[in-house]
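Heads up, the thing below is written out as structure tokens.
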Amino acid sequence: MSSWVRVEDIGAHEGEKVELRGWLARIRSSGKLHFMQIRDGSGIIQAVVTKQAIDPELFKSLKKLGTESSLVVRGTVTADDRSKLGFEIQADEVEIVSEAEGYPITPKEHGEGFLMDNRHLWIRQRKQHAALRIRATIMKAMQDWLDDNGFLRVDTPILTPAACEGTTTLFETEYFEEKAYLSQSGQLYNEATAAAFGKVYTFGPTFRAEKSKTRRHLMEFWMCEPEMAFCDFEMNMEIQEQFLSYVVQTVLEKRAFELDVLERDTEKLAQVKAPFPRITYDEAVERLKSKGVEFEDGNDFGATDETLLSEDFDRPIFVTHFPTAIKAFYMKPDPKNPARVLGADVLAPEGYGEIIGGGERIADLELLEQRVKEHELPVDSYQWYLDLRRYGSVPHSGFGIGLERTVAWICGLPHVRETIPFPRMLTRMYP
RNA sequence: UCCGCUGUAGCUCAGUGGUAGAGCAACCGGCUGUUAACCGGUUGGUCGCUGGUUCGAGUCCAGCCGGCGGAGCCA
């Protein structure tokens, strides 16, 4: 009897007869010998089938078996230097589960549009596996670090009654007789749960109905948003650099194989260790001007500006003290200069741009009420949020890290669309 | 929303106003160590759509539709 083994565990079964269940990734044939690449979801291994080993009719039909046909292969695990994995299977039994015909993705090159149309099949491919495995590892590393540092995961709702920052960029939906909006951030609810539990985070999908069409935007993306009571602007940045360093180092340790598949330069990732350099918004503007950029003071940075700023550093950087006017209504103004906020963005290296936005929140009731009015937000809808300043308000801070941008950076991918199984993009919601 | 590029076989592309092409995939055959295998053969077309110019349009023009790249906005 042979036992069902996954490719990732094959090394522990050398010399044994095993059963593989998977799909035919590729077949090459040399007359009386078939080389079948068997993909089982955990890896790819080559099964060698000789004409003597199996029924001649079956041997003949295997030659014609289409790519991605599903099958069960039984055979003996042997060590072999010619295999990248170090092992292959000398098959003596092959069962075809379901034949596939005309699988559209071939070993030759394809355009991005075609691959996105076939995303449901594209995710079977090696590089997509590597990126999505690294995504899973990043998510787990984020949660592990937070769980191990006293944070409680308290998820916030996706259906919300009002906007965090206005309704223009929200997806609207029906909620029986009312309107509801898909959450663009768990931020405000996080402040309530932080006042309940001290240190919390939410991790889930968020939605923005912005008509942006760039390599770093999705309509639906995942954010991990920690929030901490009794935490100021400085402590917030220290937590971010520890957190992010842990995530990057964990991926380097646990996903070396996948980083290699993606041909990622890991030396650049190895340098990602706390502390991260800090520059103020005003310093950043000076740096841009000295590089010949025509920058209008008070504006936010564009993608090329962020690339120019990060290229001087070998690790992520904080850009702090943005103009109050361009930041969210809940950001705390710097007491030394109220025209600037106690907020910071983290810019990833190598031109990957902003991956974290965060800062200290306004704790004072009167100032927050004033800000809500200044931003022309419906004050009544924000009463629960203002309550947080009425009942034991404390200094508190938090941040949000965009998962797909982080995955794109760590994987060295040119576009966030490959960092999520089924990206929702401006002009694409299929499949 | 704006700017640029682009649309020809299942895929990636070539195609000078005058007979619709290649490589890969698929299909048929060959090969006992292949790694995007290789060798021989076969099939495969509403040239994005609509209109216009012309004796003649894949090719030139206009509009529309799709794709890709970038900008703005943002994580």
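Note on naming: letters A, B, ... go to the chains in the order of the sequence lines (proteins, then strands), and numbering restarts at 1 for each one.
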Worksheet item: ring pair (Phe, Tyr, Trp, His ring centres under 6.0 Å): which pairs involve residues 64-87 of chain A, sequence neighbours left out?
Response: none

Fill in: Minimum-distance nucleotide to A:Thr214 side chain [options: B:rA75, B:rU32, B:rG72]
B:rG72

Worksheet item: A:Phe329 vs A:Tyr385 aromatic rings, parallel, tilted or perpendicular, using cut-offs 30° and 60°?
Response: perpendicular

Discussion item. Without decimals, in angstroms, what is the distance between A:His34 NE2 and B:rG30 P?
Written reply: 11 Å

Discussion item. Between B:rG33 and A:Phe35, is there a base-stacking contact, meaning the centre of the base's six-membered ring lies under 5.5 Å from the residue's ring centre while the planes stay under 30° apart?
Written reply: no

Worksheet entry | Whole angstrom value for the distance that separates P of B:rC13 from CD of A:Glu112 | 11 Å

Discussion item. Once you apply a heavy-atom cut-off of 4.0 Å, does A:Thr50 come out as touching a base, just sugar-phosphate, or nothing?
Written reply: nothing

Worksheet item: Among pairs that include at least one residue of residues 104-113 of chain A, which meet side-chain hydrogen bond (donor to acceptor under 3.5 Å, both in side chains), considering only residues two or more places apart or in two chains?
Response: A:Thr106-A:His110, A:Glu112-A:Arg417

Discussion item. Using whole Å, what does the distance between atom C1' of nucleotide B:rG69 and atom CG of A:Leu115 come to?
Written reply: 16 Å

Discussion item. Run the side-chain hydrogen bond (donor to acceptor under 3.5 Å, both in side chains) test against A:Arg21 and tell me which residues pass, sequence neighbours left out.
Written reply: A:Glu19

Worksheet item: A:Gln46 has an atom CD; how far is it from atom P of B:rG33, in whole Å?
Response: 13 Å

Fill in: N-O pairing of A:Glu418 and A:Arg119 below 4.0 Å
no

Worksheet item: Which of residues 123-134 of chain A have a heavy atom under 4.0 Å from RNA chain B?
Response: none

Discussion item. Distance check, P atoms only: B:rG67 and B:rU8, in whole angstrom units.
Written reply: 14 Å

Worksheet item: Toward the 5' end of RNA chain B, which comes first, A:Gln90 or A:Val416, by nearest nucleotide?
Response: A:Gln90

Worksheet item: Can you tell me the Watson-Crick or wobble partner of B:rA22, both distances under 3.5 angstrom?
Response: B:rU12

Worksheet item: Does any N or O in the side chain of A:Ser42 come within less than 3.5 Å of the main-chain N or O of A:Glu8, such that one atom is a donor and the other an acceptor?
Response: yes

Practice prompt. Please check if any side-chain donor atom of A:Gln242 sits under 3.5 Å from a side-chain acceptor atom of A:Glu238, or the reverse.
Written response: no

Worksheet item: Within the structure, does a side-chain N or O atom of A:Arg428 lie under 4.0 Å from either OP1 or OP2 of B:rG66?
Response: no

Worksheet item: Starting at CE of A:Met219 and ending at P of B:rU1, how long is that distance when rounded to a whole Å?
Response: 13 Å

Response to the item:
Closest of B:rC74, B:rC68, B:rC31 to the A:Lys63 side chain is B:rC31

Fill in: Sub-4.0 Å heavy-atom contacts from residues 345-359 of chain A onto RNA chain B, ordered by number
A:Glu354, A:Ile355, A:Ile356, A:Gly357

Worksheet item: With a non-hydrogen cut-off below 4.0 angstrom, is A:Gly31 in contact with a base, only sugar-phosphate, or nothing?
Response: base

Item to complete: Give the nucleotide from the list B:rA71, B:rC74, B:rC31 with an atom nearest to the side chain of A:Lys213.
Response: B:rA71

Could you list, one pair per line, each protein nitrogen or oxygen that sits under 3.5 Å from a nitrogen or oxygen of nucleotides 4-11 of chain B, together with the distance?
residue	atom	partner	partner atom	Å
B:rC11	O2'	A:Glu109	O	3.2
B:rC11	O2'	A:His110	ND1	2.5

Item to complete: For A:Ala229, enumerate each residue passing the side chain to side chain contact (heavy atoms under 4.5 Å, CB included) test, keeping only those at least two apart in sequence or located in another chain.
Response: A:Val394

Worksheet item: Where along residues 95-103 of chain A does a heavy atom come under 4.0 Å from RNA chain B, residue by residue in number order?
Response: none

Item to complete: Sort out the partner of B:rC27 for me: Watson-Crick or G-U wobble, both distances under 3.5 Å, none otherwise.
Response: B:rG41

Discussion item. Any base atoms under 4.0 Å from A:Arg216, or only sugar-phosphate, or nothing? Heavy atoms, all strands.
Written reply: base

Worksheet item: With A:Arg153, which residues qualify under side chain to side chain contact (heavy atoms under 4.5 Å, CB included), at least two apart?
Response: A:Gln143, A:Asp155, A:Tyr201, A:Phe203

Fill in: Lys/Arg cation over aromatic A:Phe295: A:Lys289, 6.0 Å, 45° cone
no

Worksheet item: Which pairs, with at least one residue in residues 419-431 of chain A and sequence neighbours excluded, count as a side-chain hydrogen bond (donor to acceptor under 3.5 Å, both in side chains)?
Response: A:Asp117-A:Arg428

Fill in: Nucleotide of B:rA75, B:rA25, B:rU34 approaching A:Leu218 most closely (side-chain heavy atoms)
B:rA75

Item to complete: Quick one: list whatever passes salt bridge (charged side-chain N to carboxylate O under 4.0 Å, His left out) with A:Glu225, sequence neighbours left out.
Response: none

Item to complete: Tell me which nucleotide among B:rU32, B:rG67, B:rC73 gets nearest to the side chain of A:His217.
Response: B:rC73

Item to complete: Check every strand shown and say whether A:Gln52 touches a base, only sugar-phosphate, or nothing at a heavy-atom separation below 4.0 Å.
Response: base

Practice prompt. For nucleotides B:rC39 and B:rU34, find the distance between their P atoms and express it as a whole number of Å.
Written response: 14 Å

Worksheet, complete the sentence: Partner of B:rA71 under the Watson-Crick or G-U wobble criteria, both distances under 3.5 Å, comes out as B:rU1

Discussion item. As a test of reading the structure: which of B:rG69, B:rA71, B:rG33 is closest to the side chain of A:His415, going by heavy atoms?
Written reply: B:rG69

Worksheet item: What does B:rU54 pair with, Watson-Crick or G-U, if both distances are under 3.5 Å?
Response: none

Worksheet entry | Test: A:Arg135 and A:Glu404 ion pair at under 4.0 Å | yes

Worksheet item: Looking across every strand, which nucleic acid part, if any, lies under 4.0 Å from A:Glu88 by heavy atom: base, sugar-phosphate, or nothing?
Response: base

Worksheet item: Under 3.5 Å, side chain of A:Arg315 to main-chain N/O of A:Lys273, donor-acceptor pair present?
Response: yes

Worksheet item: Among all residues two or more places apart in sequence or in another chain, which pass the side chain to side chain contact (heavy atoms under 4.5 Å, CB included) test with A:Thr304?
Response: none

Discussion item. Looking at A:Arg28, I'd like to know whether one of its side-chain N or O atoms comes within less than 4.0 Å of OP1 or OP2 on B:rC39.
Written reply: no

Worksheet entry | Cationic N near anionic O, under 4.0 Å, A:Arg287 to A:Glu311 | no

Item to complete: Write down the distance between NZ (A:Lys60) and C1' (B:rC31), rounded to a whole number of angstrom.
Response: 15 Å

Worksheet entry | Among B:rA71, B:rC74, B:rG67, the nucleotide that comes nearest once only the side chain of A:Arg208 is considered | B:rC74

Worksheet item: Is there a Watson-Crick or G-U wobble partner for B:rG7 with both distances under 3.5 Å, and which nucleotide is it?
Response: B:rC65

Worksheet item: Which nucleotide, B:rA36, B:rC31, B:rU32, lies nearest any side-chain atom of A:Leu33?
Response: B:rU32

